[in-house]
Every structure is written in C-alpha cells, then in structure tokens.
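Here's the structure, in structure tokens; my notes come after.
Side chains included, hydrogens not; waters and symmetry mates left out as well; all remaining heavy atoms used. Everything numeric in this text was worked out from a predicted model, so none of it was measured.
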Amino acid sequence: MSGDDLPTKEANVLKGHEGAVLTARFNKDGNYCLSGGKDRTIRLWNPHRGIHIKTYKSHGREVRDVHVTPDNSKICSCGGDRQVFYWDVSTGRVIRKFRGHDSEVNAVKFNEYASVVVSAGYDRSLRAWDCRSHSTEPIQIIDTFLDSVMSVCLTKTEIIAGSVDGTVRTFDIRMGRELSDDLGQPVNCISLSNDGNCVLASCLDSTLRLLDRTTGELLQEYKGHTCKSFKMDCCLTNSDAHVVGGSEDGQLFFWDLVDASVVSSFRAHSSVVTSVSYHPKDNCMITASVDGSVRVWKA
C-alpha cells in the first residue's frame, strides 16, 4: 500500500461528546465503533453513516478506555472512578462493577472468549476479572510494575502491558512466566501487529518503538510526532505495512513499517489526538481528540 491508499480523507465527524474524547475503538468486524470521554459517557456509533446509536451513562468520572466483545453483546469500560464496568450493549445496563483498583484505571481488554476482562491501573497493577462469576473480586493481580500501567493487550495465552516504568512486560498465563523488555522511556500505549509477532510501544520521548515479541529485539523507531505528556494510542494498519500514531499538535502520522519514513502526515484535529483505531479489513480509521470529536477517515 502506497501513501495514496491510506485513509487520509475525512469521511465523517462524530459529534456528541461534551469535552475531550479519550478513546475510540472499532468493534471486531469494523461496522460500529465506541467512544468514551471526559463527559463520563460511552457512545456507540455507526461511523460509516455518521450516526449516533446509543449513549451509556453510569461512570462517575471520565471514561479512559472501552472494549467490546467479539459478538457485540457486552462492553467493558474503565476510567477515573477506579472501577471496571461490564455492560449489556442492547439494554445499556451495567451488569457488574468490578472494584479493587486503588486509583484510576487506564485500559481494559476482553480475552478472546469474552469471559475475562483485564484492566491496567495507576496503582501499578494489572487485574483480571471473571465476567461469568458473580464475584467482584479479581481472579488475578499482577503487581510487579514499578509505576502506572497504561496499556494492555491480550493473546490466547499471554497478557502484555506497557508501563510508565519504561517496560513492556509479557505474562505467560499457562507457564506462569514473566518477560520484561526495558525501553528506558515511559510507555503510554502498546498495540500488537496483526500477525502477533511484534509489539508497538508509544513512549513519552516522542518515539514509537517496534519490538520483536520472541526476542525482545528493537526492530525500528518512528519519529516526527510529539508525545510528551498525554496518553495517546498507536497502532498498525490491518496489513501491517504502516504504523499509525497521533500527535499532541493534532497531527496524524503514517510511517512505513520497514524503513520508518513518514509516508503521510496531516492535521486531523485541532488538539491532541488521543486515540486511533484501524478498521480490521478496510482502509478506514477512526481518531479521537481532546477537541471533543471522533473523526472517520477513508482512502
């Protein structure tokens, strides 16, 4: 894919949040997306038609992350109120609130079977919660981090997390083993390549770093954007050919995965780009910003 085929044309603007939008995520098939923000709400959209479908309200503070199950029936969310919420999508009701984090919760993810939610918090811990039991206690706590845990990814057998302590840590759940890769800079977001072989880490020295998951080797660094004080997403395109990341000045960057050259950059928002989510199949992407909007981009 050349720079011409990248989603750089604005297709829709999703407006409705009052205040900064902190997270925006496609669902598994890319037909819908969810956003959450400072106004304590989660919003469900059809981004391709620019339609707002439903608003979910129950959080007492800002919503920092949201994730939907593969069958689109449940949502998990987290934020400044230190709780992890487990929602029913169709009724809009909260099924359960998981309490246990001592501070704000930065990130949440369902496992593949949507039976477990893993959350990452400012209290330097990862916590796993069982969605099927009625217990609100975590089934596992991982607290080997030396600072806030900002981001989490799951594979079938592993939990991978990025922390302000400068590490990306991989926990093999079956083997009970922990691997730690020290990047030497605070990590504020991680995402996996689609083939699962690499992890992309956004660091607070305005650099994205690509690591080989098996060896921990640093494969490439991507620069040009500004990332010094905000939690901002990064991801790879669905073909793994390009790296995508936002900037604190409202710009969006596409880098060539292999040679790290900037293939495209443009002003996507009037303020910090907090979130980027790439469509699972098409050349389409959504971005969210402190400017209060979610924008849909197509090629």
Q: Output yes when a side-chain donor or acceptor of His279 lies under 3.5 Å from a complementary backbone atom of Gly30, and no otherwise.
A: yes
Q.
Under a 3.5 Å cutoff, is there a donor and acceptor pairing between the side chains of Asp88 and Ser90?
A. yes
Q) Taking atom types as modelled and ignoring hydrogens, do the side chains of Arg267 and Gln251 form a donor-acceptor contact shorter than 3.5 angstrom? A) no
Q: Would you tell me whether Ser163 and Asp147 have side-chain atoms, one donor and one acceptor, within less than 3.5 Å of each other?
A: no
Q | Check: Val89 and Asn72 side chains under 4.5 Å, non-hydrogen atoms | A | no
Q: Take Ser115 and Phe110 through the test side chain to side chain contact (heavy atoms under 4.5 Å, CB included) and record every step on the way to the result.
A: CA-CA 7 Å; Ser115 56; Phe110 281 111; over 6 Å; no
(Q) Taking the side chain as everything from C-beta on, heavy atoms only, tell me whether Ile139 gets closer than 4.5 Å to Val116. (A) yes
Q.
If we ignore hydrogens and angles and just use 3.5 Å, is the side chain of Lys231 paired with the main-chain N or O of Met150 as donor and acceptor?
A. yes
Q: Walk me through it: do Val117 and Cys131 pass the test side chain to side chain contact (heavy atoms under 4.5 Å, CB included)?
A: CA-CA 7 Å; Val117 172; Cys131 299; 3.5 Å; yes
Q: Before giving the answer on side chain to side chain contact (heavy atoms under 4.5 Å, CB included), spell out for Thr237 and Asp240 the whole-Å C-alpha distance, their side-chain angles and the decisive distance to 0.1 Å.
A: CA-CA 5 Å; Thr237 56; Asp240 281 342; 5.8 Å; no
Q) Without hydrogens or angle criteria, can the side chains of Arg213 and Asn197 be said to hold a donor-acceptor pair below 3.5 Å? A) no
Q: Identify the residue among His59, Arg99, Arg61 that makes a side-chain hydrogen bond (donor to acceptor under 3.5 Å, both in side chains) with Asp81.
A: His59
(Q) Minimum heavy-atom separation for Val21 and Gly36, please, with both atom names. (A) CG1-O, 3.5 Å
Q. Has the side chain of Thr287 got a donor or acceptor atom that lies under 3.5 Å from a matching backbone atom of Ser275?
A. no
Q: Could you tell me whether the side chains of Arg295 and Ser289 share a donor-acceptor contact shorter than 3.5 Å?
A: no
Q: Determine whether Cys33 and Pro47 make a side-chain contact, defined as any pair of heavy atoms from C-beta on separated by less than 4.5 Å.
A: yes
Q.
With a sphere of 6.0 Å drawn around NZ of Lys281, does it hold more than 12 non-hydrogen atoms of other residues, nucleotides or ligands?
A. yes
Q) Nearest heavy-atom pair of Cys189 and Cys234: which atoms, and what distance? A) SG-N, 3.4 Å
Q: Could you tell me which non-hydrogen atom of Ser293 sits nearest to which non-hydrogen atom of Val13, and how far apart they are?
A: CB-CG1, 4.0 Å
Q: Answer yes or no: is there a side-chain heavy-atom contact under 4.5 Å between Cys227 and Cys203?
A: no
(Q) For Gly121 versus His101, what's the shortest heavy-atom pair and its separation? (A) N-CE1, 3.8 Å
Q: Please answer: with hydrophobic residues joined when any side-chain heavy atoms are less than 4.5 Å apart, are Ile160 and Ile142 in the same cluster?
A: no
Q: Taking the side chain as every heavy atom from C-beta outward, state whether Arg25 and Tyr32 have any atom pair closer than 4.5 Å.
A: no
Q. Listed by chain and number, what are the salt bridge (Lys or Arg N to Asp or Glu O under 4.0 Å) partners of Asp39, not counting sequence neighbours?
A. Arg43
Q | Side-chain donor-acceptor contact under 3.5 Å, His52 with Thr55 | A | yes
Q. Sub-3.5 Å donor-acceptor pair from the side chain of Ser148 to the main-chain atoms of Arg124, do we have one?
A. no
(Q) Does anything in residues 113-166 form a ring pair (Phe, Tyr, Trp, His ring centres under 6.0 Å)? List the pairs, not counting sequence neighbours. (A) Phe98-Trp129, Phe145-Phe171
Q. Is there side-chain contact between Leu6 and Asn283, with heavy atoms separated by less than 4.5 Å?
A. no
Q | From Val152, Thr144, Ile141, residue fulfilling side chain to side chain contact (heavy atoms under 4.5 Å, CB included) relative to Leu126 | A | Val152
Q: Identify the two heavy atoms, one from Ser193 and one from Leu236, that lie closest to each other, and give their separation to 0.1 Å.
A: CA-CD1, 4.0 Å
(Q) Please enumerate all residues that pass salt bridge (Lys or Arg N to Asp or Glu O under 4.0 Å) together with Arg127, with sequence neighbours excluded. (A) Asp123
Q. Do His225 and Ser206 meet the criterion of a side-chain donor-acceptor pair at a distance under 3.5 Å?
A. no
Q: Begin with the C-alpha distance, continue with both residues' side-chain angles, and end with the deciding distance and a verdict on side-chain hydrogen bond (donor to acceptor under 3.5 Å, both in side chains) for Asn188 and Ser202.
A: CA-CA 6 Å; Asn188 72 356; Ser202 167; 2.9 Å; yes
Q.
Could you check whether any side-chain heavy atom of Leu257 comes within less than 4.5 Å of a side-chain heavy atom of Tyr222, counting everything from C-beta outward?
A. yes
Q) Taking a hydrophobic cluster as the set of Ile, Leu, Val, Met, Phe, Trp and Tyr residues connected by side-chain heavy atoms closer than 4.5 Å, whether directly or through intermediates, do Leu252 and Val243 fall within one such cluster? A) no
Q.
Determine whether a donor-acceptor pair (N or O, by modelled atom type, separation under 3.5 Å) exists between the side chain of Asn46 and the backbone of Gly50.
A. no
(Q) Any side-chain to backbone donor/acceptor pair from Trp255 onto Lys223? Under 3.5 Å, distance only. (A) yes
Q: Measure from the side-chain N and O atoms of Thr170 to the backbone N and O of Leu179, and report whether any donor-acceptor pair falls under 3.5 Å.
A: no
Q) In terms of hydrophobic clusters joined by side-chain contacts under 4.5 Å, are Ile286 and Ile53 together? A) no
Q | Residues His17 and Lys38: side-chain donor-acceptor under 3.5 angstrom | A | no
(Q) With rounding to the nearest 0.5 angstrom, report the CG to OG1 distance, Asp65 to Thr23. (A) 4.5 Å
Q.
Can a donor-acceptor pair be found, under 3.5 Å and without considering hydrogens, that links the side chain of Thr207 to the backbone of Asp205?
A. yes
(Q) Is the ring pair Trp297/His269 parallel, tilted or perpendicular, if the boundaries are 30 and 60 degrees? (A) perpendicular
Q) When you look at NZ of Lys97, are more than 12 heavy atoms from neighbouring residues, nucleotides or ligands closer to it than 6.0 Å? A) yes
(Q) Is it the case that over 12 heavy atoms from other parts of the model lie below 6.0 angstrom from the CD atom of Glu18? (A) no
Q. What residues form a ring pair (Phe, Tyr, Trp, His ring centres under 6.0 Å) with Trp87, not counting sequence neighbours?
A. Tyr56, Phe85
Q. If two hydrophobic side chains count as joined below 4.5 Å and joins carry through other members, does Leu219 share a cluster with Leu200?
A. yes
Q.
For Asp249, give me all partners under salt bridge (Lys or Arg N to Asp or Glu O under 4.0 Å), at least two apart in sequence or on another chain.
A. none
Q. Going by heavy atoms in the side chains, are Leu14 and Val296 under 4.5 Å from each other?
A. yes
Q: For the pair Thr226 (side chain) and Glu248 (backbone), establish whether a donor and an acceptor sit closer than 3.5 Å, ignoring hydrogens and angles.
A: no
(Q) Does either side chain, that of Asp182 or that of Thr167, offer a donor lying less than 3.5 Å from an acceptor on the other one? (A) no
Q.
Looking at every heavy atom in both Val244 and Val276, which two are closest together, and how far apart are they?
A. O-CG2, 4.3 Å
Q.
Evaluate Arg169 against Glu178 for salt bridge (charged side-chain N to carboxylate O under 4.0 Å, His left out), listing each step before the verdict.
A. CA-CA 7 Å; Arg169 299 180 192 226; Glu178 176 184 333; 3.0 Å; yes
**Q.** Polar side-chain atom of Arg96 near backbone of Ser133 as donor-acceptor pair, under 3.5 Å
**A.** yes
Q | Hydrophobic cluster of Leu22, others only, ordered by chain and residue number, side-chain cut-off 4.5 Å | A | none
**Q.** Hydrophobic cluster identity match, Val258 and Leu192, side-chain contacts under 4.5 Å
**A.** no
